[in-house]
Amino acid sequence: MTSSPFPAEPRIVLIGDPRVRAVPVRECGEPLVDCRGRMRVDGRRADPAGHFAHLRAGVAERLERAEKSLPDDWRWLLVEGYRPPALQREIFDGYAATLRKLDPGADEERIRTAASRWCAPAETAGHVAGAAIDLTVCTRDGTEIDMGSPEAATPEESGGACYTHAPGLSARARENRALMIEALSSVGMVNYPTEWWHWSYGDRYWAWSTAAPTAVYGPVPEP
Ligand SMILES: C[C@@H](N)C(=O)N[C@H](C)C(=O)O
């Protein structure tokens, strides 16, 4: 048997897992709201329509509450919220193609599983539901806080440091992640453990993680 260049972490349930896909959605109909003007929004993945800055109203409100429990000088830096389904598919397919080149002998099942360490298949993606946010933290003057890897770095690019509880992080980065985790967990949000910056509320991954009977936010077609 050949060893995989994409080692599995057996304690982590991936976002493409059949158990996550099987979670039913009871859509609550809450609107997407624009977070610009409410919180700091970073333009690095901005799209012309401004979809990236939108989140379900209840998620935006949770982030505002969580921000109050950060250290005094810290602010959220929102990078990407709502993502139209077509964009989600494009990102997933692009990453899967990268992994195929790294492991040309891998079967499609292995590639899909490995890809879902860093990108969700559109069916279960929290971003497509406006329920997930990629975010980091900066000081009031806009300086980004050290989180131990760049936001959105893949497992390959970051040598695994993107995993929220990765071994080998500096004490400072571990502490900074702990403060982020405490603030976001206190408002009921859940983290995707392969990405320290990815948090959600109300989507299928949230429902799976919290044993909620249903997700409350399902996919939203591009407005
Ligand atoms: C692509 C990456 N930044 C991301 O958003 N990953 C999560 C898991 C997703 O695609 O929902």
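For the numbers below, each heavy atom of this structure counts, side chains included, while hydrogens, waters and symmetry mates do not. Each ligand, and each atom within it, is numbered from 1 in the order the structure gives. Throughout, numbering of the chain's residues begins at 1 and tracks the sequence. None of these values were measured; they are calculated from a predicted model.
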Task: Validation row: P121, I15 side chains within 4.5 angstrom (heavy atoms) - done: yes
Open item on the list: My understanding is that only residues two or more places apart in sequence, or in another chain, count here; which of them pass ring pair (Phe, Tyr, Trp, His ring centres under 6.0 Å) with Y163?
Closed with: none
- [ ] Sort and list the pairs that fulfil ring pair (Phe, Tyr, Trp, His ring centres under 6.0 Å) and have at least one residue in residues 26-60, not counting sequence neighbours.
- [x] H51-Y82
Return a table of donor-acceptor pairs under 3.5 angstrom between the side chains of residues 184-191 and protein atoms on other chains or two or more places apart.
unit_1, atom_1, unit_2, atom_2, d
S185, OG, I181, O, 2.6
S186, OG, A183, O, 2.7
N191, OD1, T164, OG1, 2.7
N191, ND2, E195, O, 2.9
N191, ND2, H198, O, 2.9

Open item on the list: I'd like to know if the side chain of Y95 pairs up with that of E156 as donor and acceptor (distance under 3.5 Å, no hydrogens or angles considered).
Closed with: yes
Protein N/O near ligand 1 N/O, under 3.5 Å, which pairs?
unit_1, atom_1, unit_2, atom_2, d
ligand 1, 3 (N), D134, OD2, 3.3
ligand 1, 5 (O), R83, NH1, 3.2
ligand 1, 5 (O), R83, NH2, 2.8
ligand 1, 5 (O), H127, NE2, 3.1
ligand 1, 5 (O), D134, OD2, 3.4
ligand 1, 6 (N), W118, O, 2.8
ligand 1, 6 (N), E195, OE1, 3.2
ligand 1, 6 (N), E195, OE2, 3.1
ligand 1, 10 (O), R83, NH1, 3.3
ligand 1, 10 (O), Q88, NE2, 2.9
ligand 1, 10 (O), A120, N, 2.9

Task: Approximate separation, where rounding is to 0.5 Å, of R75 CZ and L135 CG - done: 14.0 Å
